[in-house]
Amino acid sequence: MKKIFQRAATVLLGAAFVLSTTSANAQQDKSKRPSPPATVTQTVKGTTITIDYSRPSVKGRNVWEGNFAPYGKVWRTGANEATIFTVDKDVKVNGKTLPAGKYSLFTIPGEKEWTIIFNKTAEQWGAYKYDSTADQLRVTAKPKANAMTEQFTINITPKGVVELMWDKVKVPFTVK
């Protein structure tokens, strides 16, 4: 009987070790990912805009025709988890109202026009479970030719222009 309890205890300890190791791996250091994390913050007329995202690299690939950010399909606007867009006050994005809050930022790239999507489900992995019924706001923006940007970069100017830059494309939209 004593040996049965010892074996059971050993099995339980082993299971606890496996679970703790799995949990530790799930909470990995994001800075060690191939597409490292980044945060950009800017205060525009008293409103704080913060964007948390991951930065994939071009690495010689055609990102617009492959599986990365294909034209005509919803893209997570970065890598890994969906990009998070946070504003602490109501704002106008390209003239349309976006209430204060935390949103996932998706885009639909296009050669002549991009759709910028603010989705109410802020915390989600990629665009795998993207649900358009949770969209708070959609606006369009015109892509522009830009100098080569190897690693996806988001910039916010002091005047509230958000610039999505990757490959030879820059997509600006205004937040006021």
Same cluster (ILVMFWY, side-chain, under 4.5 Å), [X] and [Y]:
X: Ile116; Y: Met165; result: no
X: Val161; Y: Val91; result: no
X: Phe173; Y: Tyr53; result: yes
X: Ile154; Y: Val58; result: yes

Hey, are the side chains of [X] and [Y] touching, using non-hydrogen atoms and a 4.5 Å cut-off?
X: Phe118; Y: Leu105; value: yes
X: Pro158; Y: Gln42; value: yes
X: Glu113; Y: Lys142; value: yes
X: Val93; Y: Leu98; value: yes
X: Thr50; Y: Val40; value: no
X: Trp75; Y: Trp114; value: yes
X: Trp64; Y: Trp166; value: yes
X: Phe85; Y: Val175; value: yes

Could you tell me whether a side-chain N or O of [X] sits under 3.5 Å from a main-chain N or O of [Y], the two making a donor and an acceptor?
X: Asn80; Y: Ser54; value: no
X: Asn119; Y: Asp131; value: yes
X: Asp88; Y: Thr47; value: no
X: Tyr130; Y: Val74; value: no
X: Thr77; Y: Thr107; value: yes
X: Glu150; Y: Lys59; value: yes
X: Glu163; Y: Asn155; value: no
X: Lys89; Y: Gly46; value: yes
X: Arg55; Y: Phe152; value: yes

Heavy-atom pair of closest approach, residues [X] and [Y]:
X: Gly160; Y: Ile156; result: CA-CG2, 4.5 Å
X: Pro70; Y: Pro109; result: O-CD, 3.9 Å
X: Ala141; Y: Val171; result: CB-CG1, 3.7 Å

Inset, instruction - Cation-pi check, Arg61 to Phe68: give yes when NZ or CZ is under 6.0 Å from the six-membered ring centre and within 45° of the ring axis, no otherwise. - result: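 Relative to the ring axis of Phe68, which defines the angle, Arg61 lies inside both limits.
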Side-chain H-bond candidate by donor/acceptor type, [X] with [Y], under 3.5 Å:
X: Thr83; Y: Arg76; value: no
X: Asp135; Y: Tyr103; value: no
X: Thr86; Y: Lys102; value: no

Inset, instruction - Please lay out, stage by stage, how Arg138 and Ser132 fare under the test side-chain contact (heavy atoms from CB on, under 4.5 Å). - result: CA-CA 10 Å; Arg138 284 180 171 222; Ser132 64; 4.2 Å; yes
[atom2] on [Y] to [atom1] on [X], rounded to 0.5 Å:
X: Asp52; Y: Ile84; atom1: CG; atom2: CD1; result: 7.0 Å
X: Leu137; Y: Lys96; atom1: CG; atom2: NZ; result: 6.5 Å
X: Asn94; Y: Thr140; atom1: CG; atom2: OG1; result: 7.0 Å

Legend entry - Set of residues satisfying side chain to side chain donor-acceptor pair (under 3.5 Å) with respect to Lys168, sequence neighbours excluded: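 Result, side chain to side chain donor-acceptor pair (under 3.5 Å) vs Lys168: none returned.
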Inset, instruction - Go through Asn146 and Val169 one step at a time and tell me if the side-chain contact (heavy atoms from CB on, under 4.5 Å) criterion holds. - result: CA-CA 5 Å; Asn146 194 43; Val169 175; 5.8 Å; no
Legend entry - Audit row: Lys159, Val44, side-chain contact (heavy atoms from CB on, under 4.5 Å) steps and yes/no: CA-CA 6 Å; Lys159 292 188 176 186; Val44 178; over 6 Å; no
